[in-house]
*Asks:* 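First the structure, which I've put down as structure tokens, then a few questions once you've had a look.
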Amino acid sequence: MLSNKRIQELELVMEFEKVEECFKEVSSWIENVGRKRLKETVNLDDSLEMLLQAQKQFREFDLVASEYCRRGQEALKKMDRWEDFSSVDVHSYRVKLETYRDQLEEFCTQLDENRHRICETVRLYEFFDKVRQGICCIEEDVKS
């Protein structure tokens, strides 16, 4: 039984090394591109036109970022079996796996929050724009 467990652990280590390339690529993109782009969306412009432009740019970024999130999540699913192993030899790989998981979950959550915030901000600006146009029309009617 011990021999079988050890063989399974070694197979997992080999599998981890194959999947680790994907983790490294996703992690590198998150750190070097993703986080910087998310920070750019913190301050949104005050005009509806500029906000719509920012939304368009975010959607383009969101497509790429969502693909990286999907790839990272697929790689993590391949490593779900690690939960069953607790030996010292596997511990360092589990730590790496948790680090990747935490980084990916944090980024994907921030991406979702920014997507929602931008969408809600656009809706609010569009509403205020309609209200402003309605007020202008009423003022013109009153003047005539």
Side-chain angles (χ1 to χ4, degrees), residues 1-140:
M1 283 176 51
L2 280 173
S3 176
N4 285 344
K5 186 169 179 139
R6 184 70 179 145
I7 290 171
Q8 288 177 332
E9 288 175 355
L10 290 173
E11 287 172 350
L12 279 174
V13 168
M14 290 177 3
E15 186 178 347
F16 180 85
E17 289 173 354
K18 290 178 190 173
V19 175
E20 189 174 29
E21 275 306 308
C22 179
F23 289 143
K24 286 180 179 179
E25 182 183 342
V26 170
S27 178
S28 175
W29 186 89
I30 287 172
E31 291 304 318
N32 297 322
V33 178
R35 289 193 195 283
K36 291 176 184 174
R37 291 289 305 271
L38 282 180
K39 286 179 183 176
E40 291 172 3
T41 63
V42 170
N43 298 321
L44 298 172
D45 290 313
D46 290 338
S47 73
L48 179 58
E49 182 180 320
M50 295 299 289
L51 188 59
L52 289 171
Q53 180 65 28
Q55 183 184 40
K56 180 183 175 194
Q57 290 172 352
F58 181 80
R59 283 183 178 156
E60 293 167 2
F61 162 72
D62 188 28
L63 287 173
V64 175
S66 294
E67 177 61 21
Y68 275 97
C69 288
R70 184 192 62 75
R71 288 175 50 204
Q73 289 164 347
E74 284 178 3
L76 287 173
K77 280 184 183 177
K78 291 178 183 177
M79 298 283 94
D80 280 346
R81 298 185 310 159
W82 282 82
E83 303 301 322
D84 300 335
F85 294 92
S86 58
S87 77
V88 175
D89 296 333
V90 177
H91 180 72
S92 64
Y93 293 97
R94 287 183 65 166
V95 169
K96 285 182 182 181
L97 190 60
E98 283 304 311
T99 301
Y100 290 131
R101 178 176 282 123
D102 291 346
Q103 179 194 38
L104 183 66
E105 286 177 1
E106 178 190 355
F107 178 77
C108 292
T109 298
Q110 288 175 348
L111 183 66
D112 288 341
E113 288 171 356
N114 279 16
R115 184 185 308 117
H116 179 74
R117 184 176 56 81
I118 289 172
C119 182
E120 290 301 309
T121 304
V122 166
R123 286 181 54 212
L124 185 63
Y125 270 70
E126 288 172 338
F127 171 76
F128 283 134
D129 196 50
K130 287 179 185 176
V131 169
R132 185 185 55 76
Q133 289 174 4
I135 290 172
C136 289
C137 290
I138 291 173
E139 288 175 349
E140 287 178 14

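We number each residue from 1, following the sequence as shown. Computed from heavy atoms alone, side chains included, the values below leave out hydrogens, waters and symmetry copies. Values in this document were obtained by computation on a predicted structure and should not be read as measured data.
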*Asks:* Roughly how far, to the nearest 0.5 Å, is NZ of Lys56 from CG of Leu52?
*Replies:*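 Nearest 0.5 Å value for the CG-NZ distance: 11.0 Å.
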*Asks:* Answer whether the closest heavy-atom distance between the side chains of Gln73 and Cys108 falls below 4.5 Å.
*Replies:*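 Heavy-atom side-chain distance check passes, below 4.5 Å.
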*Asks:* How close do Val122 and Leu48 get, heavy atom to heavy atom, and via which atoms?
*Replies:*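 That would be O-CD1, 4.2 Å.
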*Asks:* Can you tell me how far NZ of Lys36 sits from NZ of Lys39, rounded to the nearest 0.5 angstrom?
*Replies:*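 Answer rounded to 0.5 Å: 9.0 Å.
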*Asks:* State, to 0.1 Å, how close Thr41 and Leu38 come at their nearest heavy-atom pair, and which atoms those are.
*Replies:*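 Result for this residue pair: OG1-O, 2.7 Å.
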*Asks:* Distance check, rounded to the nearest 0.5 Å: Glu15 atom CD versus Glu11 atom CD?
*Replies:* 9.0 Å
*Asks:* Identify, with sequence neighbours excluded, every residue that meets salt bridge (Lys or Arg N to Asp or Glu O under 4.0 Å) alongside Glu113.
*Replies:*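 With neighbours one apart ignored, the set is empty.
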*Asks:* Please determine whether side-chain contact (heavy atoms from CB on, under 4.5 Å) holds for the pair Ile30 and Tyr68, giving the CA-CA distance in whole Å, both sets of side-chain angles, and the decisive distance to 0.1 Å.
*Replies:* CA-CA 8 Å; Ile30 287 172; Tyr68 275 97; 5.6 Å; no
*Asks:* Any idea which heavy atoms bring Ser27 and Gln103 closest together, and the distance?
*Replies:* OG-OE1, 2.8 Å
*Asks:* How would you list all residue pairs meeting ring-ring contact (aromatic ring centres under 6.0 Å, His included) that involve residues 101-123, not counting sequence neighbours?
*Replies:*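 For residues 101-123: Trp29-Phe107.
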*Asks:* Which distance, rounded to the nearest 0.5 Å, do you find between the CZ of Arg71 and the CG of Leu76?
*Replies:* 12.5 Å
*Asks:* Can you give me the closest heavy-atom contact between Gly72 and Val26, atom names plus distance?
*Replies:* N-CG2, 4.1 Å
*Asks:* Please list, chain by chain and in numerical order, all residues satisfying side-chain contact (heavy atoms from CB on, under 4.5 Å) with Glu74, sequence neighbours excluded.
*Replies:*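 side-chain contact (heavy atoms from CB on, under 4.5 Å) check on Glu74 returns Arg70.
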*Asks:* Apply the test side-chain contact (heavy atoms from CB on, under 4.5 Å) to residues Lys24 and Tyr100: give CA-CA distance (whole Å), side-chain angles for both, the deciding distance (0.1 Å), then the verdict.
*Replies:* CA-CA 9 Å; Lys24 286 180 179 179; Tyr100 290 131; 3.6 Å; yes
*Asks:* I'd like to know if Arg115 pairs up with Asp112 as an ion pair, taking the criterion as any Lys NZ or Arg NE/NH1/NH2 lying under 4.0 Å from an Asp or Glu carboxylate oxygen.
*Replies:*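 Yes, this pair counts.
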*Asks:* Does the Asp62 side chain pair with the main chain of Phe58, one donor and one acceptor, at a distance under 3.5 Å?
*Replies:*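 Flag not set: sc Asp62 to bb Phe58 has no pair under 3.5 Å.
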*Asks:* Can you name the nearest heavy-atom pair linking Arg35 to Gln110, along with the distance?
*Replies:* NH1-OE1, 3.7 Å
*Asks:* I need the full list of side chain to side chain donor-acceptor pair (under 3.5 Å) pairs touching residues 118-131, with sequence neighbours left out, sorted by first then second residue.
*Replies:*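 Sorted pair list: Glu120-Arg123, Asp129-Arg132, Asp129-Gln133.
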*Asks:* Going by the rule salt bridge (Lys or Arg N to Asp or Glu O under 4.0 Å), which residues pair with Arg37 if we only count those two or more places apart in sequence or in a different chain?
*Replies:* Glu40
*Asks:* Under the rule for salt bridge (Lys or Arg N to Asp or Glu O under 4.0 Å), what residues qualify as partners of Lys96, not counting sequence neighbours?
*Replies:* Glu20
*Asks:* Apply side-chain contact (heavy atoms from CB on, under 4.5 Å) to residues Leu104 and Phe23 and explain how you reach the verdict.
*Replies:* CA-CA 9 Å; Leu104 183 66; Phe23 289 143; over 6 Å; no
